[in-house]
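Written below as structure tokens is the structure these notes are about.
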Amino acid sequence: MAERPPNDASRIASVATSLFAHAAAKGGQEGLDREKVNNIIFELSGSSSYTKEKLEHRGDAEKWVAAARRKLETFDGTKRSVAAHHLKKREAALEATRRAMDAAGTVCCVVDFDMFYAAVELRDRPELKDKPVAVGGPGMITTANYVARKWGVRSAMPGFIGQELCRRGPEFGMPRAELVFVRPDFEKYTAVSKVARAIFAEYDPHLACYSLDEAYLDLTLYLRARAAAGSHGEATKLLATPRPRKRKRGAGFGEPDDDDDDEAEADGVGDDEAPDGDDEAAAPAVALPPLDLRDDAAGRLADAVLAEIRARVRAATGGLTLSGGLGPNFRLAKVAADVRKPDGQHRVACGRPGVLAFLRTLPCRKVGGVGRVLEQKLEDGLGVRTCGELLDRLPEVHALFAPKGRDFLQDVALGVGAAGGPEDDDDEDGLPKGLGNERTFRPVSGLGPLLAKLEAIAAIVAARLETRGMRAARATLKLKTSAFHVTTRDARAPEGGPTRERYVQSAASLVALLAPLLRDEVAKADERGAPLELRLMGVRTSDFEVKVAPRAPGQRNLEDAFAPARPPSPKYRPPGGADVDAAVLAELPPDIAGQPGADGPRRRRVAAVAATAGAAGEARGRAAEPGDAVHRGLLLQAARAAAAARPPGPAAGRRGRRGRVSRWASAARARVAALAACRGDVERAVARLLGDAPG
DNA sequence: GGGGGAAGGATTC
DNA sequence: TCACGGAATCCTTCCCCC
């Protein structure tokens, strides 16, 4: 606050409001004197380097807004109708998908524990129930309970500010209080999460969890089964897939070292399977009629099932509450889960009119993917605050945003979402794309001490690479100055680089790669007369070599099947092509492979994609079920490998088309080899997918 | 003008 | 502890080169 020129005061005040009030809509803070609270927060942090840096950042967004306004001045009727034309074309496709999903009776569900970490701690320490509690430390709060939120305390707020807000409660109509800090205990949270996931899995064996406190469930099939069977017990029977058939072959692992073996095995499978071809391979629920969601009873059933899930989890976890959302896709379900928080649920009606009605007054910020910066761009650049306003201004959006951005915003405005789930479009190759570590410390300067930091962090990263058997072709150095300015520099390992290795793994080679970059930055800062002083350093690795996990001698695991037999080379095998498709096709159940037209190239490719997606989903789902940890791990690997075998889409990677195809080819080969291990799963998944595919 | 790489921004939990 | 995290991923912008 100190050195601010007075004429800037109002601007800074308004900036500060949006800077610190970004979670204003969070639950539990209704009726809070937000302005007063923001003033206190600003007072406490207003002159810090952190805030200064944030304000600079804000300047960037303001520049964007200014440029956008200039652009809009020349946005005339002609440009508008061109934009509208493009939008309309895309919208038609989106609406077709929406109708297909609705016709299949798609019901997506997102469940989310209320203030999860804090709730677990309060359950175990009931004496804290009525006190403001923050899980975390004076540095950072990860979760605050609803009591603390009455003082304006939130997650991601520095602890000392939370503490100060509680102490200064009287300034905004709250009593003075002491914020109680509880250290996070992740083992405990993981255990609780497991209990909940076991219950979720009864309703959707393929559930997806992206953090400990939330889960994404596709209830479509379960609701069909429940509507038909009445009880939960009978419904789960209809949902269960039959046991895998007995295989003649023992271990069932393919032999990835030998191309011919793949083929031979694949051929053999087709023959062996033929007699069993009549087996019912999909969950019985697939055959049931889809739920008609225009029928009010169907909606009530979905509501009742969600309420049942919440009640069961609550009982099983010692009283922890969850909020839930239902909707025709995961994007809307996620938003809906936030509507009645805490301990409530909401359903977004399916169908375009219902969805648009729900979105009309919904602030864009509530939608996942719309962060503070995008919110500001929309609001200041276009005067758009709600999804309804966004829908009206899509032509302008089209003019101002890059293709991905405007597609995303159109999806948001129309309330459409990815068909299969939130992760549908990731997992291009199934492997992690980056691995790194970063550390915050008291400001450090001087080349020697900084190099020591680098070595320490490189050692952490190297250890993690080693335990995973991963080697990286690229390393990135991240630096944050004591003024909170962040910058990154990176170096590639291949020939000509400082290490002369194609891939690096050890701490020494990481340091060899990155130390020159660090020296460079130190030297440049010295030249500027402002020695480099850092508060954070990070080392990140990426561009991994194909992963080979270390294992005990003689031990076989699925990763063997996924690792290419030899280094990929153009001569290895003709990229793509009929051999791969034939091998994949030979893996399909005979009833599908034998369908009329199944041998057409396009049909084959569709079948291959279905097989791949099915294997990924099935294995991932099975991995979430309770049971032996090693087994679960293997299934997860299978899911990843199967996902890795997806054919290259238009959006795949940065490599050239040829690179993508050969990558797909080798991944597909590896997958074919791996399929032997989880054949039963794949067959059932394929049958279900083909039988269940809308349209 | 586009492919492709580098830098770094934004977003999520 | 007078103080604002860490990890991962995707997107945008800029620039070089053909």
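Bear in mind the structure is a predicted one, so any value in this text is a computation, not a measurement. Throughout, a chain's letter reflects where its sequence line sits, starting with A, and its residues are numbered from 1. Values below: all heavy atoms of this structure, side chains included; hydrogens, waters and symmetry mates excluded.
- Within 4.0 Å of Gly405(A), counting heavy atoms only, lie sugar-phosphate atoms of the nucleic acid but no base atom.
- Counting non-hydrogen atoms of other residues, nucleotides and ligands closer than 6.0 Å to CD of Glu178(A) gives a total above 12.
- Of all nucleotides listed (dT11(B), dA7(C), dA8(C)), dA8(C) comes nearest to the side chain of Leu435(A).
- For Glu214(A), taking side-chain heavy atoms from C-beta onward, the closest of the listed nucleotides dT9(C), dC4(C), dC13(B) is dC13(B).
- OP1 or OP2 of dG5(C) has at least one side-chain nitrogen or oxygen of Arg535(A) nearer than 4.0 Å.
- Comparing atom distances between the Arg464(A) side chain and each of dA8(C), dC4(C), dC13(B) picks out dA8(C) as nearest.
- Atom pair Lys433(A):NZ and dC11(C):C1' shows a separation of 14 Å (rounding to whole Å applied).
- Within the 4.0 angstrom heavy-atom criterion, base atoms lie near Ile161(A).
- With hydrogens and angles left out, the side-chain atoms of Thr321(A) and Asp114(A) include a donor and acceptor closer than 3.5 Å.
- When the nearest nucleotides of DNA chain C are assigned to Phe160(A) and Lys478(A) by heavy-atom distance, the more 5′-ward of the two goes with Phe160(A).
- Going from atom CE of Met140(A) over to atom C1' of dG5(C) covers 5 Å, rounded to whole Å.
- Heavy atoms of other residues, nucleotides or ligands lying less than 6.0 angstrom from CD of Glu35(A) number 12 at most.
- Checked against dA6(B), dA8(C), dC4(C), the side chain of Thr51(A) finds its nearest nucleotide in dC4(C).
- Comparing dA7(B), dC4(C), dT11(B) by their closest approach to the side chain of Val373(A) singles out dT11(B).
- Phosphate contact (OP1/OP2 of dC11(C), side-chain N/O of Lys404(A), threshold under 4.0 Å): present.
- Nucleic acid contact class of Thr142(A) (heavy atoms, under 4.0 Å, all strands): none.
- Atom OH of Tyr210(A) and atom C1' of dC10(C) are 15 Å apart (whole Å).
- Between the C1' atoms of dT1(C) and dG5(C), the separation comes to 15 Å (whole Å).
- Rounded to an integer number of Å, the gap from CZ of Arg372(A) to P of dG9(B) is 15 Å.
- In the set dT1(C), dA6(B), dG8(B), dG8(B) carries the atom at the smallest distance from any side-chain atom of Thr488(A).
- For dG5(C), there is no paired base (Watson-Crick or G-U wobble, both distances below 3.5 Å).
- Going from atom CG of Leu400(A) over to atom CZ of Arg393(A) covers 9.0 Å, rounded to the nearest 0.5 Å.
- Each of Pro403(A) and Gly436(A) was matched to the nucleotide of DNA chain C holding its nearest heavy atom; the match closer to the 5' end belongs to Gly436(A).
- One atom, NE2 of His485(A), and another, C1' of dG9(B), lie 12 Å apart when rounded to the nearest Å.
- Atoms CD (Glu438(A)) and C1' (dA8(C)) sit 10 Å apart, rounded to a whole Å.
- For Arg489(A), whose side chain is taken as the heavy atoms from C-beta onward, the closest listed nucleotide among dC4(C), dA6(B), dA7(B) is dA7(B).
- Across all strands, Gly538(A) comes closer than 4.0 Å to no nucleic acid atom at all (heavy-atom distances).
- Listed for the Ser323(A) side chain is no donor-acceptor partner under 3.5 Å among the backbone atoms of Gln345(A).
- Closest approach to the Ala402(A) side chain among dT9(C), dT12(C), dC4(C) is made by dT12(C) (side chain taken as heavy atoms from C-beta onward).
- The ring of Phe401(A) has its center no closer than 6.0 angstrom to the ring center of Phe408(A).
- Atom pair Glu375(A):CD and dT12(B):P shows a separation of 11 Å (rounding to whole Å applied).
- Side-chain N/O atoms of Asn437(A) include none lying less than 4.0 angstrom from OP1 or OP2 on dG6(C).
- Within the 4.0 Å cut-off from OP1 or OP2 of dA3(C), not a single side-chain nitrogen or oxygen of Arg442(A) is found.
- For the pair Arg439(A) and Phe441(A), the cation-pi criterion (under 6.0 Å, within 45° of the ring axis) is not fulfilled.
- Closest approach to the Thr440(A) side chain among dC10(C), dC4(C), dG5(C) is made by dG5(C) (side chain taken as heavy atoms from C-beta onward).
- Among the protein residues, Lys334(A) comes within range of the sugar-phosphate backbone only, with heavy atoms under 4.0 Å from sugar or phosphate atoms but none that close to a base.
- The interatomic distance linking Leu479(A) (CG) with dG6(C) (C1') rounds to 16 Å, in whole Å.
- Contact annotation: Arg540(A) reaches the phosphate of dA8(C) (side-chain N/O to OP1 or OP2, under 4.0 Å).
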